[in-house]
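One structure below.
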Amino acid sequence: MKMLRSGLSVILALCMMLAMTGALADQTLEGDANVDQRNYPSTAPFIHPPFYNVKLAVDVDDNGVITAVRDNGTGTEGSVQAGNEEFWANKNKPYFDVAVNAGLLDRFVGKTLEEVKAMDMGGADAVSGATMVSEAAQEAVVNALEGRKGKTFLDVEGQALTVESVEGNTITLASQLPADFDLQLLDIRWSVYNDEVVPADSYTAEIADQKLVIRFNDLSAMKPGYYCVNVVDASGTYRSPAFEGGPAAAQAPYFVLDSGLTAEDISFDGKAVVLASGSIADYVRNIQHVQILAEGAEKPTEQEPVGHHGTAGNFIALDEQGVLNADGVVKARNGDENPLFEEGVAYTVTIAAFGYPELTFPYVKGAQSADTAEGAAEAAALLEAVRGTYVPLFPVITDAQYDQLWLDPCVAAMGEEAGPAVAELLKAACNGTIYGAEAVEAFGANPESAQFDCLFVNGVAQITFDGNMISGTDEQGQTVFSHEYAYVSPLSLAGMMNGYLYETTDADAGEFRYFFMMPDTSESTYHLEFRYGSDVEALTQYAEGPYAYWLAAGFPADADAQMIENVITLFCEENLAEAAAE
């Protein structure tokens, strides 16, 4: 009997322990959540595909407090797409294991649903994928507690929405998505980086009968290039169409607006890509790829701004102004470094950009120099011809003592009655004091009221040209800048004036990095016309950008009375003749 009682005591004790355990682990719940698309629709780094779901088992007591969290088959069927388990084990599992071994799952123990929701899962290295694993684990725990499923993969080949038609301002896209995908337009973004959001008030969207119809206020006013149409499943059942595959090869829907340029309108000048019209910065932001094929090689080196994983990569082939990176070095993951171009090797470079003609050109590093570039001889001769020190032209020649010099040609051309008014109009036309955004705002709606600012800007009162050395001083004679410049290429000011572009390699040049000189000299036109700044594309613009309505006019600091009369007479005669012709 004693043994029986003892045995019953043990059984009772075990039952009590089991009962207590049952109270602490009232139930086990299952939850999952996708690791990828944590930053959707941004092209911030994603974890390396194939993308996957974290699958967890969550134990909770009858008070809703988590008592344990365990992996529940992450990386197996249902967590990754069928057939990708081995690839996941090689590429993704190391990141997942790092997070789990660091105690990720233990962080949820002892917390309730609301406390899990409030947790900050940041602090890990987002590039490695650890933060995205942590955020997915948090969502998987929440999904388990709330009885929801994580987002499933889209079984769609190619674009999930394809352009069916473009008529006027309306673009219609046909959906290839599952019938139960609750299509919702999140936004539309311009450029291959999918980062510039198109204003929502510039279009309306209608979704019906498996079609997305987008009606723009003015499609012709939009920039050329690549537009990603970012959509989500409002029901939360499916992932959004993936960027994997990069622009034009992924599920993510898009449309392209053409620039209107022809193959003849885009070229390479030995240093940079040049467009006959339009923004080179916009062109660069829509590059699909740059292929660099060495002579005799079977395969080209390919550079992509956005890689085949749908992420912004290490693109170094061109800078934001379209300048080829002749000294660029590609760094491999294993630490190897390979130059884009070897000295003296002949290459064929092909650039594909959405909305623009494909450009192909030969390139030999070191073969092109300032001495052999187009216009180099003329550019060098110009710098020699303008040697000297210059002050702003118009404050000198519009002084009241020279009023008669303005009046005489105007009266001769327009008569006694209209001449004086025309003379005042001519003097005022180039005596503006604002430029850039301020001038665009002031004159944009009424261009005929515009005044050109022809002063020296950025604190410069005098500029000295001494061969390749150009320098400037302020009102007190203190040096503002002083750099050596080398010729780059011919350049056009909005197709109205052509000149020569010079650049300094000095790192501290700032707004004096480039000088854009028109072919004027003291001998030919009695004055100089030029611009300087840090943005080549902006320097070519007439009535927009940071240099809008500004063109510096320089006059020799030692000019005599005859030169003053010559420049006033020339200015009046040229402008009066042009006005008469129009």
Side-chain angles (χ1 to χ4, degrees), residues 34-49 51 122 125-127 129 131-132 135 159-161 163 171 173 184-203 205 212 214 216-217 219 221-232 239-259 273 275 278-290 302-323 325 351-356 535 537-538 544-546:
N34 57 300
V35 176
D36 50 291
Q37 296 197 358
R38 309 306 304 178
N39 302 308
Y40 180 86
S42 169
T43 53
F46 294 157
I47 202 161
H48 197 292
F51 305 137
D125 180 6
V127 177
T131 292
M132 287 179 283
E135 291 174 348
Q159 277 186 265
L161 291 162
V163 176
I171 296 178
L173 297 96
Q184 177 184 346
L185 177 62
L186 182 65
D187 58 34
I188 300 171
R189 302 189 182 197
W190 173 82
S191 94
V192 295
Y193 295 101
N194 196 30
D195 61 349
E196 185 172 314
V197 180
V198 176
D201 60 2
S202 67
Y203 63 88
L212 171 60
I214 308 172
F216 292 90
N217 298 344
L219 199 59
M222 296 175 64
K223 293 188 286 191
Y226 182 93
Y227 287 82
C228 194
V229 180
N230 296 304
V231 298
V232 294
R239 286 169 165 80
S240 292
F243 293 113
E244 165 64 9
Q251 293 176 334
Y254 71 95
F255 61 87
V256 176
L257 296 184
D258 192 75
S259 64
V273 177
L275 304 180
S279 166
I280 191 66
D282 288 354
Y283 169 83
V284 171
R285 288 181 58 77
N286 284 282
I287 288 177
Q288 181 178 358
H289 62 243
V290 176
E302 186 167 40
Q303 282 263 295
E304 297 177 320
V306 177
H308 67 278
H309 304 315
T311 59
N314 184 26
F315 181 75
I316 62 170
L318 301 171
D319 72 9
E320 61 186 11
Q321 294 301 324
V323 177
N325 187 1
I351 305 176
F354 291 102
Y356 298 82
D535 185 335
E537 174 65 21
E544 57 185 8

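Hydrogens, waters and symmetry mates play no part in the numbers below; they use all other heavy atoms, side chains included.
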Gln251 side chain to Ala242 backbone, donor-acceptor under 3.5 Å: yes
Least distance between heavy atoms, Tyr193 atom then Pro305 atom: OH-CB, 3.4 Å
Exam field: side chain Asp319 to backbone Gly322, donor-acceptor pair closer than 3.5 Å: yes
Side chain to side chain contact (heavy atoms under 4.5 Å, CB included) evaluation trace for Ile188 with Phe216: CA-CA 11 Å; Ile188 300 171; Phe216 292 90; 4.1 Å; yes
Sub-4.5 Å side-chain heavy-atom contact between Asn39 and Met132: yes
Enclosure of Glu302 CD (heavy-atom neighbours >12, cutoff 6.0 Å): yes
Beyond-backbone contact of Tyr226 with Phe255, side-chain heavy atoms, under 4.5 angstrom: no
Spacing of Gln288 atom CD and Phe354 atom CZ [to the nearest 0.5 Å]: 3.5 Å
Within-4.5 Å side-chain heavy-atom neighbours: Arg239 and Tyr40: no
Side-chain heavy-atom pair Ile316, Asn314 within 4.5 angstrom cut-off: yes
Side-chain donor or acceptor of Gln37 paired with backbone N/O of Ser240 under 3.5 Å: yes
Heavy-atom side-chain proximity of Val273 to Tyr283 below 4.5 angstrom: yes
Contact summary for Asp195 and Arg285, nearest pair of heavy atoms: OD1-NH2, 2.5 Å
Tyr203 and Leu219: CA distance, side-chain angles, deciding distance, side chain to side chain contact (heavy atoms under 4.5 Å, CB included) verdict: CA-CA 9 Å; Tyr203 63 88; Leu219 199 59; over 6 Å; no
Derivation and outcome, side chain to side chain contact (heavy atoms under 4.5 Å, CB included), residues Ile287 and Leu318: CA-CA 10 Å; Ile287 288 177; Leu318 301 171; 3.4 Å; yes
N-O pairing of Asp36 and Arg38 below 4.0 Å: no
Nearest atoms (heavy-atom pairs only) where Val231 meets Leu161: CG1-CD1, 3.9 Å
Shortest non-hydrogen contact between Leu212 and Val229, atoms and distance: CD2-CG1, 3.7 Å
Asn194 side-chain N/O to Pro41 backbone N/O, donor-acceptor pair under 3.5 Å: yes
Side-chain donor or acceptor of Ser259 paired with backbone N/O of Gly355 under 3.5 Å: yes
Audit row: Val198, Met222, side chain to side chain contact (heavy atoms under 4.5 Å, CB included) steps and yes/no: CA-CA 9 Å; Val198 176; Met222 296 175 64; 4.2 Å; yes
Glu196/Lys223 ion pair, N-O < 4.0 Å: yes
Closest non-hydrogen atom pair between Gln159 and Ala252, with its separation: CG-O, 4.0 Å
Minimum heavy-atom distance between Ser279 and Leu275, given as atom pair plus value: O-CD1, 3.7 Å
Asp282 side-chain N/O to Pro224 backbone N/O, donor-acceptor pair under 3.5 Å: no
Ile351 and Tyr356, any side-chain heavy atoms less than 4.5 Å apart: no
Glu537 (side chain) donor-acceptor with Gln321 (main chain) under 3.5 angstrom: no
Tyr227 ring center near Tyr254 ring center (under 6.0 Å): no
